[in-house]
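Here the structure is laid out as structure tokens; the discussion comes afterwards.
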Amino acid sequence: MPIVKHPPATEPLWHEWDRKAQKCGLRHTVYAVNGDQYTGEWLDNLKHGKGTQVWRRTGAIYSGDWKFGKRDGYGSYSIPDPVTKEYKKVYTGWWKNNRKCGYGAMSYPAGEHYEGEWSGGLRSGWGWMYYQDGSIYEGQWLKDQPAGQGMLQLPNENRYEGGWKDGKKHGPGKFFYLDKGQLFEGIWVADIPKCGILMDFGRDEAPAPTQYPIPKV
């Protein structure tokens, strides 16, 4: 009986087509149906590596690291100025799973600025916040609010040092009234001093000291 030789098994042609269609490693520019645009590296049809995303509706741009389709690593997020149309960076720093995470700096519309730690897209950890009125907060944050230990310096250089909770003075703290040469040390609850001691502090250097010094107990 003659031996019949069969051709070697080969994969279906559509497998080869699908494999060739996969974007992997090389840089590609892809346009979404809604007009968004991505130029950068890919892995298994997902944004992975270095790349730049442009959102058509807002004009916003993210340029930096990607991991399996999400912003992950170091990158910057910029938006166009509504008047000049020039791009200005809103956030520069670290990302994880498409959210700000790690150390980064962010600018806000009113001219305020934050530099410090983030977690899950919120200010969490240690950081500095520069407010529009000239105040500066340095200390701990939790879920986008001052929480823990921190110092708030006002434009006139008066300052509070102590505990915070939900963005308000809370717990033991000291308020330095450097303009009057006084110091209040006590306990705060939701921004309100509940009990404490008021004493003179740096009275001789104060620009507007009280008329009479506080008697020592």
Side-chain angles (χ1 to χ4, degrees), residues 20-147 150-157 164 166-168:
K20 290 181 178 179
Q22 295 285 318
K23 296 177 287 293
C24 184
L26 300 178
R27 294 180 63 86
H28 296 271
T29 298
V30 175
Y31 296 88
V33 176
N34 61 3
D36 293 350
Q37 174 186 338
Y38 172 80
T39 300
E41 299 172 330
W42 299 78
L43 179 64
D44 295 335
N45 258 6
L46 294 174
K47 303 164 191 171
H48 191 88
K50 301 290 185 181
T52 300
Q53 170 86 22
V54 181
W55 288 269
R56 181 184 177 185
R57 186 178 65 85
T58 62
I61 295 178
Y62 169 81
S63 181
D65 297 325
W66 296 79
K67 187 176 181 180
F68 301 120
K70 295 182 178 180
R71 290 170 287 186
D72 201 301
Y74 189 83
S76 62
Y77 180 80
S78 305
I79 60 174
D81 185 279
V83 178
T84 65
K85 305 302 180 182
E86 294 182 358
Y87 275 90
K88 55 182 180 180
K89 289 185 178 180
V90 175
Y91 175 80
T92 301
W94 293 91
W95 302 72
K96 186 175 182 180
N97 198 28
N98 232 19
R99 294 182 177 181
K100 306 174 191 75
C101 188
Y103 196 90
M106 183 164 180
S107 298
Y108 295 86
E112 299 180 335
H113 182 78
Y114 172 81
E115 183 174 350
E117 297 175 307
W118 299 76
S119 179
L122 302 175
R123 292 168 288 185
S124 293
W126 192 272
W128 295 260
M129 184 71 191
Y130 302 85
Y131 296 96
Q132 185 180 18
D133 66 355
S135 300
I136 302 173
Y137 172 82
E138 176 186 354
Q140 295 174 301
W141 293 75
L142 180 64
K143 297 181 179 179
D144 240 18
Q145 297 285 353
M151 184 272 290
L152 176 67
Q153 179 175 300
L154 303 177
N156 62 2
E157 296 189 354
W164 295 79
D166 299 327
K168 297 180 180 180

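All values reported here derive from a predicted model rather than from experimental measurement.
To the nearest 0.5 Å, atom CG of residue Leu152 and atom CE of residue Met129 are 11.5 Å apart. Atom CG of Asn45 is separated from atom NZ of Lys47 by 11.5 Å, given to the nearest 0.5 angstrom. Annotation: the span from Ser119 atom OG to Lys100 atom NZ amounts to 12.0 Å, rounded to 0.5 Å. Here the CD1 atom belonging to Ile136 is positioned 10.5 Å from the CG atom belonging to Leu154, to the nearest 0.5 angstrom.
Side-chain contact between Arg123 and Met106 is absent, with no heavy atoms from C-beta onward closer than 4.5 Å.
Environment of OH in Tyr108: crowded, with over 12 heavy atoms of neighbouring residues, nucleotides or ligands closer than 6.0 Å. The environment of CD in Glu112 is crowded: more than 12 heavy-atom neighbours from other residues, nucleotides or ligands sit within 6.0 Å. Heavy-atom contacts from other residues, nucleotides or ligands closer than 6.0 Å to CG of Asp166 number 12 or fewer.
When all heavy atoms of Ser124 and Lys143 are compared, the closest pair comes out as OG-N, 3.1 Å. Across every non-hydrogen atom of Trp66 and Thr52, the tightest pair is NE1-N, 4.3 Å. The two residues Ser78 and Lys89 come nearest to each other via the heavy atoms OG-CG, 3.4 Å. Residues Ser107 and His113 approach most closely at OG-ND1, 3.3 Å, considering heavy atoms. Here the closest non-hydrogen pair linking Ala60 and Tyr77 is CB-OH, 3.3 Å. The two residues Lys85 and Pro80 make their nearest non-hydrogen contact at O-CB, 4.0 Å.
Between Phe68 and His48, the angle of the ring planes lies from 30° to 60°, which puts this pair in the tilted group. Using cut-offs of 30° and 60° for the angle between ring planes, the Trp118 and Tyr91 rings count as perpendicular.
Exactly one of Trp164, Tyr114, Trp126 qualifies for a ring-ring contact (aromatic ring centres under 6.0 Å, His included) with Tyr137. That residue is Trp164. Considering Trp128, Tyr130, Tyr103 as possible partners of Glu115, the one that fulfils the side chain to side chain donor-acceptor pair (under 3.5 Å) test is Tyr103.
In this structure, the side chain of Asp133 engages the main chain of Ser135 through a donor-acceptor pair within 3.5 Å. Thr29 places no side-chain N or O within 3.5 Å of a backbone atom of Thr39 that could act as its donor or acceptor partner.
Screening residues 56-79 for salt bridge (Lys or Arg N to Asp or Glu O under 4.0 Å), with sequence neighbours left out, gives Lys50-Asp65.
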